[in-house]
2 protein chains.
Amino acid sequence: MTLLQSLSKNQQIVLDIIKKAKGPLKAYSILFNVQKKGINAPQQIYRALDKLIEMGKIHKIESKNAFVACKSSDCEISKATAFSICESCEVVDEISDAKLSKYLSGFNRKKGMKFKRFNLEFFGICKKCK
Amino acid sequence: MTLLQSLSKNQQIVLDIIKKAKGPLKAYSILFNVQKKGINAPQQIYRALDKLIEMGKIHKIESKNAFVACKSSDCEISKATAFSICESCEVVDEISDAKLSKYLSGFNRKKGMKFKRFNLEFFGICKKCK
DNA sequence: CTTAAATATGTTATATTATAACAAACGTTA
DNA sequence: TAACGTTTGTTATAATATAACATATTTAAG
Ligand SMILES: [Zn+2]
Ligand SMILES: [Zn+2]
Ligand SMILES: [Zn+2]
Ligand SMILES: [Zn+2]
């Protein structure tokens, strides 16, 4: 039945909330949203978030301390993430661009360090806000 | 042509500390380091940090909530920043790569949104730690 | 099946990071 | 001088995240 990694109860609850949201959610906003489901403490949220990130189900937008569901499923367990962020309306979109991903993954060799992962955040003003 | 913006007293104190440091500094670590200089409150640190970022003198490493002095002076007022981060020893280096910067700045046009700024953070294991 | 290990949960407390709000001092310039 | 913007000082509080410990549940061997 469960072909892929199955989620625990709390992980599923947190993922559902994040998926339903229109934008990035903050940890405490998730907490307030799930208190009716019996989750009462930040730890429970942060633990679920940590696991979901490990699994590549969600990403953290570092510049906003907020979490979004993975839309692309191209970013293989959160190894290569890129986002566009509108500084006016705060809309965040995951960028799924094979060329970009390949270019940045290939960047590894040019330096003495071998990269395992990257996160890229673009900022600007979106179409609607222009 | 370029007007040399002079720093205020607190801005200079905070910048000096960050420049002397071997790695990224956290705001409260800066605070503890400057209490002998008469700075007593987080606000004073965060205000200085905000201005120094605006001026492009320092950058924030978003994934670490820490601050480093700008090493490259190629990133024109913090519009195009990239860092390599060792997940073992936590060493952070600013990446100064004209091609990379050009490539990412050029990425703007491909999407409906015009980007004004980006931040890229690479993670891996550095030479020393390998 | 039985047991041990690993994973997940619940809970309380605390640490860390960041901002709000207000008053006073300072620096520029009209 | 007066007005304005910026910087500073200060107290308080908000927002984000982890520590530590006890219990429960699932998984995988033996
Ligand atoms: Zn993704
Ligand atoms: Zn917008
Ligand atoms: Zn720089
Ligand atoms: Zn290292």
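Just so we're on the same page: letters track the sequence lines, and every chain starts at 1. In what follows, every heavy atom counts, from backbone to side chain, and hydrogens, waters and symmetry copies are set aside.
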Using a distance-only criterion (donor-acceptor N/O pair, under 3.5 Å, no hydrogens), is the base of [N] paired with the side chain of [X]?
X: A/Gln43; N: D/dA19; result: yes
X: A/Tyr28; N: D/dA17; result: yes
X: A/Tyr46; N: D/dA19; result: no

Q | Charged N-O contact under 4.0 Å between B/Glu121 and B/Lys64 | A | no
So, is [X] near the phosphate of [N], with a side-chain N or O under 4.0 Å from OP1 or OP2?
X: B/Asn40; N: D/dT11; answer: no
X: A/Lys9; N: C/dT9; answer: no
X: A/Lys26; N: D/dA15; answer: no
X: B/Asn65; N: D/dT16; answer: no
X: A/Ser8; N: D/dT25; answer: no
X: A/Gln44; N: C/dG10; answer: yes

Q. Base, sugar-phosphate, or nothing: which does B/Lys64 touch, judged by heavy atoms less than 4.0 Å apart?
A. nothing
Q.
Under a plain distance cut-off of 3.5 Å, with no hydrogens placed, do B/Asn119 and B/Thr81 share a side-chain donor-acceptor pair?
A. yes
Q) Got a donor-acceptor contact below 3.5 angstrom from the B/Asn40 side chain to the B/Gly38 backbone? A) yes
In whole Å, what is the span from the [atom1] atom of [X] to the [atom2] atom of [N]?
X: B/Gln12; N: D/dT8; atom1: CD; atom2: C1'; value: 16 Å
X: B/Leu25; N: C/dT17; atom1: CG; atom2: P; value: 12 Å
X: B/Gln11; N: C/dG27; atom1: CD; atom2: P; value: 13 Å

Q: Tell me, yes or no, whether the heavy-atom count around A/Lys19 atom NZ, taken from other residues, nucleotides or ligands under 6.0 Å, exceeds 12.
A: no
